[in-house]
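Step one of this worksheet: look at the structure below.
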Amino acid sequence: MKLDRLGDFQRTHRNGDLRLDHAGQTVRLLGWCRRVRNLGSLIFLDLRDRWGLVQLVANEETADPDLLAKLKAVRSEFVLAAEGVVAERESKNPNMATGDIEIRLTGLRILNTAAPLPFPLEDEGVGEDLRLTYRFLDLRRDKLQRNLLLRSEVTNLTRNHFRELDFIEIETPILTKSTPEGARDYLVPSRMHPGEFFALPQSPQLFKQLLQVSGFERYIQICRCFRDEDLRADRQPEFTQIDVEMSFVRQEDVQGVIEPLMVKLAKIVGKEVTAPFPRLPYRNAMEWYGSDKPDLRCGLKIQDVTGLFAASGFNLFRAAADSQGQRRVRALFFPGEAAGLLSRKQLDGYQEQAKQMGAGGLPYAKWGKDGLSSSFKKFLDEGAEAALKDLFRANAEGASAGGEGLAVFAVGTDAQTSKVLGDLRTKIATDLAATEKDPTLSTLFHHKHAYAFLWITDFPLLEWSEEHQRFVACHHPFTSPHPDDMDLLETDPGACRAVAYDLVLNGYEVGGGSIRIHDADTQSRLFRTIGIGEAEARTKFGFLLDALAFGAPPHGGLALGLDRLVMLLAGVDNIREVIAFPKTAQARCLMTDAPGPVDERQLRELHLLQDTKQTYRVGAVFFESAEGGSPELRGQALQQIGQMTPRQAQGLVTLDAQGQILDTQTLSGPTFEF
RNA sequence: GGGGUUGUAGCUCAGUCGGUUAGAGUGCCAGCCUGUCACGCUGGAAGUCGCGGGUUCGAGCCCCGUCAGCCCCGCCA
């Protein structure tokens, strides 16, 4: 098809802005054809641009024949420039912003055609692999357009927020140094320095601290970070962080600039949240909610019921009671009729969930219409049964139910029971909220539309790593120990708290930060505690230690996960829905098919090619030797090199498996030939 | 690294106990149609049942392997 040129065509209006007020005006519009409806001698066409949709119309009796012919050739997603007169519709469409009017076409340019799309833009249920393969089409869909628009509003609002507070935005390097602690790095081979690598930043952590030493007291950056770890619904290998660092601050000061930002961001999507947010020490979060990122839309707390089974016939539980606190029996009590009525099948489902979390099973007790039933009833003597019923009644207090409910139990170490019950707490509560008739109970289970922000504070500074057989930093090794726990650094490192805090929203960690160590002594003590010696610390973090020695101010900050935050604001449950070009769970881009192989020339330049083709670095100084490859290949290389002058041999020689020279590259001196 | 789940027409899916020529809706193509807006009506084309192997007289269906998407555990300072 012959295409028309855009030429001097000037758009006069955005499609979604046209109203009855514009009637009689001649307008020029641009966009994509969403759909044509050809009624014979009357043709309708919906024209879409970023801002909306408007109906174009042409009538066989009145329209120019050339224009009609052109219009009949138009298919979905053709790119059009249209000229026409705004007119009131004969039959209006109340479901459309522009439903009162239509454009009577006087001119039409077909700027481009479009093949039939591989999937419809209107349907929700299209396979995600297909959507990701044709992401540029997927992004035409309303929902993704809205999500990316929201994302843009969030970053704008964030920048304005920090600018009003006198923050300065500074960019930090993307090509940086690999850090041994923490996540796996994405590495970038260095061409200039054979065998050496840059790392993409997991976060600009050290740079922003150094900027504090430089005197940029309030820093912000919206920056890309990279972590080469396995993905999840809320985790991508490449993600965006709102990175904040401040000098002369305490924890509350950092929280004090973040909270009003969250209030503003929530307002964009019509949610009212009030600051300050609750502060919950890590220890309590784990005890009550079994999680360091609890979803406080559900208020239920985990309870310790170890004592209840101290004299019980149920060995599993009694053994825990006898373990002097090593192991405990912990439980969740869900009050209400719906909880007491949960079917065996549903309970089996929860048991599967518990097993996936590492539990052996899921002991439960249910008090329904037909009395108390339990997976371990046969082990319960009268006293224990009565005690259990008392607990049910105590947990039903304030609710309309008379003791009905469900209790699920976990036994084991605190870490084990927290994991199981922390997971089931929100799962079961969410399910019950959907079925429970008593409205007071469903708000106890799950305020579906609420935004529950909170801070988790007083994280442990260190944890024992079985893998490394030493203590490692929970947050990062620059986190300040709690001033009250400073002495524990040498005596009981595992008990030492950190001045670290996470911002949690609805069960997601949306941010985390800390007050940093700002004196070289404390930093050295910490490195010593986690088994990083003086020399190693110098090599890896020498620049930081230097900086701390030259007047580093007390400082601290925080980083927010922008993608996750926007995901929650957009009300979607997958981070890919708020990223224009995301990776799959296997860390691939289905659209570009990255990562992909590169040609051998590139590998050789980067000194990465091995096996059949081996790059030897030779030079006059070590004329007699070559490194790498098999002994035979080395021998052949030396033989060939031996026929050269030392000057000629100075360079890189690439050989194939037969020892033939494939490629040479001089490191210095003149180019030589073979 | 491990567990679960899905894969059939361009798309979304159905496909009985293993049994004849694998279906529907939608999209696409053609024709008709003056008030549609998920236009309607008529007709047509469209399949490597993810891929490979096996069992069987016979496999979309059963078995083994493999690839890909999704979810979870480990991992994510």
Side-chain angles (χ1 to χ4, degrees), chain A residues 34-47 53-63 75-77 87-96 98-99 102 115-134 137 179-185 201-203 205-206 225-237 239 349 352-359 419-420 423 427 459-463 465-468 471-479 498 500 509 512 514 526 530 532 559 561 573-574 576 583-588 590 593:
Chain A
R34 193 181 74 157
R35 178 175 273 114
V36 193
R37 291 178 295 277
N38 185 341
L39 273 60
S41 42
L42 192 61
I43 300 176
F44 298 102
L45 186 156
D46 293 333
L47 190 70
L53 204 61
V54 71
Q55 176 169 281
L56 313 181
V57 64
N59 189 325
E60 189 147 66
E61 282 179 10
T62 54
R75 296 290 179 270
S76 289
E77 301 304 313
E88 186 170 0
R89 286 201 199 183
E90 250 175 64
S91 46
K92 297 180 179 174
N93 184 347
N95 301 319
M96 228 174 143
T98 59
E102 61 193 0
L117 264 43
F119 57 88
L121 298 186
E122 296 82 13
D123 286 12
E124 268 307 311
V126 178
E128 202 176 356
D129 43 351
L130 195 72
R131 289 176 46 202
L132 289 174
T133 306
Y134 297 95
L137 296 178
T179 49
E181 303 279 314
R184 197 176 292 119
D185 285 317
Q202 300 174 23
S203 109
Q205 181 60 37
L206 290 175
C225 301
F226 307 85
R227 293 178 190 174
D228 187 7
E229 297 291 346
D230 285 5
L231 290 77
R232 288 286 188 281
D234 64 346
R235 246 161 53 187
Q236 283 271 309
F239 61 99
E352 278 312 306
Q353 215 95 52
K355 282 181 176 170
Q356 204 179 32
M357 295 293 148
K419 191 163 176 47
V420 173
D423 183 62
K427 281 215 169 67
F459 276 85
L461 182 71
L462 305 164
E463 64 187 344
S465 164
E466 284 300 324
E467 189 195 335
H468 298 100
F471 281 99
V472 296
C474 290
H475 188 52
H476 55 60
F478 320 109
T479 304
E509 180 197 331
S514 64
L526 192 114
I530 61 175
I532 296 182
D573 55 13
N574 197 297
R576 291 185 298 273
K583 310 275 187 291
T584 67
Q586 299 302 313
R588 279 196 165 279
L590 294 179
D593 210 21

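Each chain gets a letter, A, B and so on, in the order its sequence line appears, and its residues count up from 1. Keep in mind that the numbers below use all heavy atoms, side chains included, and drop hydrogens, waters and symmetry copies.
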If you take atom types as modelled and just measure distance, does the side chain of [X] reach the base of [N] with a donor-acceptor pair under 3.5 Å?
{"X": "A:Gln55", "N": "B:U36", "result": "yes"}
{"X": "A:Glu122", "N": "B:G27", "result": "no"}
{"X": "A:Arg232", "N": "B:G74", "result": "yes"}
{"X": "A:Arg227", "N": "B:C75", "result": "no"}

Check whether any side-chain N or O of [X] sits under 4.0 Å from OP1 or OP2 of [N], and answer yes or no.
{"X": "A:Arg89", "N": "B:U36", "answer": "no"}
{"X": "A:Lys419", "N": "B:G74", "answer": "yes"}
{"X": "A:Ser91", "N": "B:G35", "answer": "no"}
{"X": "A:Arg576", "N": "B:C71", "answer": "yes"}

Measure the distance from [atom1] on [X] to [atom2] on [N] and round it to the nearest whole Å.
{"X": "A:Glu60", "N": "B:U36", "atom1": "CD", "atom2": "P", "result": "18 Å"}
{"X": "A:Gln586", "N": "B:G7", "atom1": "CD", "atom2": "P", "result": "19 Å"}
{"X": "A:Tyr134", "N": "B:G10", "atom1": "OH", "atom2": "C1'", "result": "9 Å"}
{"X": "A:Gln353", "N": "B:U5", "atom1": "CD", "atom2": "C1'", "result": "14 Å"}
{"X": "A:Gln202", "N": "B:C75", "atom1": "CD", "atom2": "P", "result": "16 Å"}
{"X": "A:Leu130", "N": "B:G27", "atom1": "CG", "atom2": "P", "result": "17 Å"}
{"X": "A:Glu352", "N": "B:U5", "atom1": "CD", "atom2": "P", "result": "10 Å"}
{"X": "A:Leu121", "N": "B:G10", "atom1": "CG", "atom2": "P", "result": "18 Å"}

Fill in: Position toward the 5' end of RNA chain B (nearest nucleotide), A:Ala473 or A:Phe44
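Its nearest nucleotide lies further toward 5', so the answer is A:Phe44.
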Over all strands shown, is [X] touching base, sugar-phosphate only, or nothing at heavy-atom distances under 4.0 angstrom?
{"X": "A:Val126", "result": "sugar-phosphate"}
{"X": "A:Glu61", "result": "base"}
{"X": "A:Glu128", "result": "sugar-phosphate"}
{"X": "A:Thr479", "result": "nothing"}
{"X": "A:Ile43", "result": "nothing"}
{"X": "A:Glu463", "result": "nothing"}

Worksheet item: How far apart are the closest heavy atoms of A:Phe44 and A:Gln55, and which atoms are they?
Response: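 Closest approach of A:Phe44 to A:Gln55, heavy atoms only: CD2-NE2, 3.2 Å.
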Discussion item. Testing the basics here: between A:Ala498 and A:Leu461, what is the closest heavy-atom pair and its distance to 0.1 Å?
Written reply: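 Looks like CB-CD1, 3.5 Å.
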Pick the [atom1] atom in [N] and in [M], then give their distance to the nearest Å.
{"N": "B:G15", "M": "B:G74", "atom1": "C1'", "value": "39 Å"}
{"N": "B:C63", "M": "B:U56", "atom1": "C1'", "value": "12 Å"}
{"N": "B:U12", "M": "B:A59", "atom1": "C1'", "value": "25 Å"}
{"N": "B:A9", "M": "B:A24", "atom1": "C1'", "value": "11 Å"}
{"N": "B:C67", "M": "B:C29", "atom1": "P", "value": "39 Å"}
{"N": "B:C62", "M": "B:C17", "atom1": "P", "value": "11 Å"}
{"N": "B:G69", "M": "B:G53", "atom1": "C1'", "value": "24 Å"}
{"N": "B:C39", "M": "B:C33", "atom1": "C1'", "value": "10 Å"}

Answer yes or no: is there a side-chain heavy-atom contact under 4.5 Å between [X] and [Y]?
{"X": "A:Arg131", "Y": "A:Arg576", "result": "no"}
{"X": "A:Val472", "Y": "A:Ile530", "result": "no"}
{"X": "A:Ser76", "Y": "A:Leu117", "result": "no"}
{"X": "A:Thr584", "Y": "A:Asp129", "result": "no"}
{"X": "A:Arg34", "Y": "A:Glu122", "result": "yes"}
{"X": "A:Pro201", "Y": "A:Phe226", "result": "yes"}

[X] side-chain proximity, nearest of [options]:
{"X": "A:Arg235", "options": "B:G74, B:C28, B:U36", "result": "B:G74"}
{"X": "A:Leu42", "options": "B:U34, B:G3, B:C70", "result": "B:U34"}
{"X": "A:Pro118", "options": "B:C73, B:C71, B:G10", "result": "B:G10"}

Discussion item. Please check if the number of heavy atoms outside A:Tyr134 that lie under 6.0 Å from its OH is greater than 12.
Written reply: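 Atom OH in A:Tyr134 is not packed in, count stays at 12 or less.
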Discussion item. Between A:Arg37 and A:Asp46, does the side-chain contact (heavy atoms from CB on, under 4.5 Å) criterion hold? Intermediate values first, please.
Written reply: CA-CA 9 Å; A:Arg37 291 178 295 277; A:Asp46 293 333; 3.0 Å; yes
Nucleotide opposite [N] in a Watson-Crick or G-U pair, distances under 3.5 Å:
{"N": "B:G65", "value": "B:C51"}
{"N": "B:C57", "value": "B:G19"}
{"N": "B:A9", "value": "none"}
{"N": "B:C75", "value": "none"}
{"N": "B:C41", "value": "B:G31"}

Discussion item. Quick check, does A:Phe119 stack with B:C11? I mean ring centres under 5.5 Å and planes off by under 30°.
Written reply: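 Aromatic stack with B:C11 absent for A:Phe119.
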Item to complete: May I ask you to decide whether A:Arg235 forms a salt bridge with A:Asp230, counting only side-chain N to carboxylate O separations under 4.0 Å?
Response: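 The answer is no: the pair does not qualify as a salt bridge.
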Practice prompt. Using a 4.0 Å heavy-atom cut-off, write out nucleotides 38-45 of chain B from 5' to 3' as B (base contacted by protein), S (sugar-phosphate only) or - (no contact).
Written response: SB------
